[in-house]
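These numbers come from a predicted model, not from an experiment. FYI, side chains are in, hydrogens and waters are out, and symmetry mates aren't considered; it's all heavy atoms of this structure.
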Amino acid sequence: MRARPSVRSGVRLRGIGHGGDGPFGPSTESTHLFGDKGWGAPRRGYVLWTEDMVRRMQAAPERTAGEIAAMLGVSTSSVRHARQRYGRFAPKWKVPLCQRCGAHPVWSESRDGKRWGLCRQCTLDERAYIARNGERMARVDNAQRQARWKSRHK
């Protein structure tokens, strides 16, 4: 049996051409099973982060990862990864506010309201404005577009 070519920092030192893995390819058989239940079982000791755990972590941004890990019962590296993923600080609000009035949440059930970033009442007002002035706005947009094209193609 031929010895496997040595690899150093990703460069093969012996054997110029490499036509496939041959007998040294990756194994198709696993040497271990995940957990006691076989494939698909979560890793031993792994804890999924819940929304409550994230909230508790973000509620104390001044604490160290070790202190939060002791409070939640997870590892310090898990807290560091969660801070990387979810952020150290809690967001000021969960739902964005209306861009026009700033008092109500964005109407996410409506495609227009979501796209414009407006609450329900402001979205309905905007739709009414477009219905009243849509034809005039289309004429103005078309005239401006033509003027830009003509200025570029003199």
Side-chain angles (χ1 to χ4, degrees), residues 7-12 18 20-21 24-154:
V7 177
R8 185 175 196 164
S9 67
V11 179
R12 291 193 182 275
H18 192 278
D21 288 323
F24 305 110
S27 174
T28 57
E29 298 176 8
S30 178
T31 57
H32 65 281
L33 296 176
F34 295 113
D36 299 327
K37 297 176 184 155
W39 299 104
R43 295 185 301 255
R44 203 176 102 213
Y46 183 75
V47 177
L48 287 175
W49 278 73
T50 62
E51 289 182 24
D52 181 53
M53 291 170 72
V54 172
R55 258 189 254 115
R56 288 173 62 192
M57 176 191 69
Q58 290 176 339
E62 71 283 349
R63 289 189 176 171
T64 65
E67 293 170 343
I68 294 174
M71 179 177 67
L72 297 176
V74 295
S75 66
T76 56
S77 64
S78 174
V79 172
R80 287 191 201 105
H81 287 271
R83 276 185 172 166
Q84 185 81 26
R85 195 175 323 124
Y86 302 114
R88 186 180 194 100
F89 302 97
K92 298 286 184 205
W93 58 82
K94 291 202 181 251
V95 178
L97 296 177
C98 176
Q99 293 181 11
R100 183 182 290 168
C101 66
H104 303 102
V106 169
W107 191 22
S108 58
E109 290 83 23
S110 163
R111 292 177 69 187
D112 292 339
K114 194 179 213 179
R115 185 174 69 240
W116 295 330
L118 301 176
C119 66
R120 185 174 191 273
Q121 186 59 46
C122 293
T123 300
L124 296 175
D125 292 344
E126 185 69 19
R127 284 180 185 167
Y129 177 81
I130 291 172
R132 282 192 315 268
N133 302 311
E135 193 174 316
R136 181 186 58 81
M137 290 168 36
R139 274 197 316 270
V140 169
D141 286 345
N142 196 22
Q144 289 174 343
R145 184 174 34 258
Q146 287 179 6
R148 281 194 308 268
W149 190 88
K150 286 180 181 178
S151 70
R152 286 193 313 262
H153 297 88
K154 286 184 180 183

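- At a threshold of 4.5 Å between non-hydrogen side-chain atoms, the residues Arg56 and Met71 count as touching.
- Residue Arg85 places its CZ atom among more than 12 non-hydrogen atoms of other residues, nucleotides or ligands, all under 6.0 Å distant.
- Taking all atoms of both residues into account, the shortest heavy-atom contact from Cys98 to Leu118 is SG-CA, 3.7 Å.
- With rounding to the nearest 0.5 angstrom, the SG atom of Cys119 is 11.0 Å from the CD atom of Gln99.
- The distance from atom CG of Asp125 to atom CZ of Arg127, rounded to the nearest 0.5 Å, is 11.0 Å.
- Here Arg148 contributes atom CZ and Gln146 contributes atom CD; the two are 10.5 Å apart, rounded to the nearest 0.5 Å.
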*Apply the test side chain to side chain contact (heavy atoms under 4.5 Å, CB included) to residues Val54 and Glu51: give CA-CA distance (whole Å), side-chain angles for both, the deciding distance (0.1 Å), then the verdict.*
CA-CA 5 Å; Val54 172; Glu51 289 182 24; 5.6 Å; no
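- Closest of all the heavy-atom pairs between Met57 and Ile68 is O-CD1, 4.0 Å.
- Within the 4.5 Å cutoff, no side-chain heavy atoms of Tyr86 are placed close to those of Met53.
- Side-chain contact between Arg120 and Thr123: absent, with no pair of heavy atoms (C-beta onward) separated by less than 4.5 Å.
- With sequence neighbours excluded, the residues that form a side-chain contact (heavy atoms from CB on, under 4.5 Å) with Pro61 are Arg88, Phe89.
- Residues Gln58 and Gly87 approach most closely at NE2-O, 3.4 Å, considering heavy atoms.
- Applying the side chain to side chain donor-acceptor pair (under 3.5 Å) test to pairs two or more places apart or on separate chains, those with a residue in residues 64-80 are Trp49-Ser78, Ser75-Ser77.
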